[in-house]
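One structure is given here, and the rest of the page talks about it.
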2 protein chains.
Amino acid sequence: MDYAETVTTRRTGLREQKKQATREALRAAALRLALERGPDNVRVDDIAEAAGVSPRTYNNYFSSREQAIVAAVAGEREARVAAAVADRPDGVGLADAVIEAIVDQYTASDAPGADALLLITTRPALREAFVGTTTAIEHPLTEAIAGRLGDGDPHTARVLAASVAAAVRVALEQWLQTTVSTCTAGGLVVPSGSLPDLLRATLAPLRPALDAAEQ
Amino acid sequence: MDYAETVTTRRTGLREQKKQATREALRAAALRLALERGPDNVRVDDIAEAAGVSPRTYNNYFSSREQAIVAAVAGEREARVAAAVADRPDGVGLADAVIEAIVDQYTASDAPGADALLLITTRPALREAFVGTTTAIEHPLTEAIAGRLGDGDPHTARVLAASVAAAVRVALEQWLQTTVSTCTAGGLVVPSGSLPDLLRATLAPLRPALDAAEQ
DNA sequence: GCAGAAATCTGCGTGCGCGCAAACTTGCGT
DNA sequence: ACGCAAGTTTGCGCGCACGCAGATTTCTGC
């Protein structure tokens, strides 16, 4: 929940260094254990023990059992989406900047954690946590949109960011739904290639709102 | 979560009748106890005991402790919003129908539970649960919008409904924020009169998207 | 270096959410 | 009227989330 130090490693150093280390250890341990045994057969005590910390400490980093597993695949996608929106050249419109940035980030991150994604699509509790990560992009996205809108009403940026995040959530829900049904029916892996198209199609209805805000 | 019987009291009757009775008893007990003592000094066991059911039964009706308290003021606003959208004459545009229906429902319901609202604005956990009720309007709103759009793409209706719900959530968050700060600073009750204006202003950026979907 | 301040880790206790299976209630067919 | 099927309630147990306060580690000023 704290992205202020991701760039310049602010703050004295040894503290934040250890903090990030244990956070990463918890992430890795959670994902590894979830893949080895089923996701249901892993308690927070196991994760904490594998990471070498107290069970109580786990909840100082993640507020739910699923967050650690989901964090491994979701990562800091939120901040990268915002950065991607801001990095688009000024020539392209707001709608294209936002939509393409989101599509890029959500398709690029699929390759590394493909096995983890398959795991997430299986268990409903994990799917819910994964879908819940979309709300995390709201704040960074708000600032990115506000930066592109210039001196406009900051309320508008916030509403648009929330709407975009909601649309992304809808796309993910539908993608997971069709994915699991495909798995059940065909028995093959996920057709991740359709995610970009689905995102574009789902975000399309918001284009008029984004265009109108630009004036 | 089950709105199929709200109109015609379908299903044999005695079962659903008792079900609604205990649900209402739980709601009332939760709100009463929360008002008497502080909201933090009421356990689910107390609510269940006051309603005359087992503590386990409570979680058959509400999946969290706050839901019962919030449900008292939130009620079945979801279904009524959808009905209000559908009831607007065909002459008015989709944007006006949606926005005015929402404004109506969110202002009309404020009067009865004014004291409860003040309670909710105080405790952060309750505010979160109250804000969370906005996602409940997504499904009914989707069908209402789809009905007005006619034979258009059902995806569009879903995205628009999700965006509208997100915007409502943003408005509620901001309203609660300014409300609590006003209370802290001035020490007076909430300026509920500004909610309609805030809703209208927050939903305004989505007008172009709603208008465009209508064609 | 060295105290004092600040942040973090940890054990403990409480309450909550929920799966499970047994008792009980209600509805329906005959 | 009666018995079976379906639905609901309840007790039980497990694991999770978190506040609290003490111990421990890290940072800062001197």
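Letters A, B, ... mirror the listed sequences (proteins, then strands); counts begin at 1. All of these numbers come straight from a predicted model, not from anything done at the bench.
- Atom pair A:Asp45:CG and D:dC14:P shows a separation of 14 Å (rounding to whole Å applied).
- Here the side chain of B:Arg65 pairs a donor or acceptor atom with the backbone of B:Val42 at under 3.5 angstrom.
- Distance, B:Glu49 CD to D:dT10 P: 13 Å, rounded to whole Å.
- The separation between A:Asp40 atom CG and C:dC18 atom P is 14 Å, rounded to whole Å.
- When the nucleotides C:dG17, D:dT26, D:dT9 are ranked by their closest atom to the side chain of B:Asn60, D:dT9 comes out on top.
- Distances were taken from every side-chain heavy atom of A:Val53 (C-beta onward) to each of C:dG17, D:dT10, C:dT10; the shortest belongs to C:dT10.
- When the nucleotides D:dA17, C:dC9, C:dG15 are ranked by their closest atom to the side chain of A:Thr57, C:dC9 comes out on top.
- In this structure, B:Thr57 and B:Thr22 have side chains that are not in contact, with every pair of non-hydrogen atoms separated by 4.5 Å or more.
- Taking only side-chain atoms of A:Glu16, from C-beta outward, the nucleotide of C:dC16, C:dT10, C:dT8 with the closest atom is C:dT8.
- Not a single donor-acceptor pair under 3.5 Å links the side chain of A:Arg158 to the backbone N or O of B:Thr202.
- Nearest nucleotide to the side chain of B:Tyr61, out of D:dT8, C:dC18, C:dC16: D:dT8.
- In the set D:dT9, D:dG11, C:dT26, the nucleotide with an atom closest to the side chain of B:Lys18 is C:dT26.
- For B:Asn59 and C:dG15, the CG to C1' distance is 11 Å, given to the nearest whole Å.
- B:Arg43 has its CZ atom 16 Å from the C1' atom of D:dG19, to the nearest Å.
- Between B:Arg65 atom CZ and D:dG19 atom P there is a gap of 12 Å when expressed in whole angstrom units.
- Using a 4.5 Å cut-off on side-chain heavy atoms (C-beta onward), B:Glu66 and B:Arg123 make no contact.
- Across the protein-nucleic acid pair, A:Gln17 atom CD and D:dT25 atom P stand 17 Å apart, rounded to whole Å.
- Judged purely by distance below 3.5 Å, without hydrogens or angles, the side chains of A:Ser63 and A:Gln67 pair a donor atom with an acceptor atom.
- You'll find that the side chain of A:Ser64 is closest to D:dA17, out of D:dC16, C:dT10, D:dA17.
- Here the side chain of B:Arg56 is nearest to one of D:dC16, D:dT26, D:dT10, namely D:dT10.
- In the set C:dC9, D:dG11, C:dT8, C:dT8 carries the atom at the smallest distance from any side-chain atom of A:Arg15.
- For A:Lys19 and D:dT25, the NZ to P distance is 17 Å, given to the nearest whole Å.
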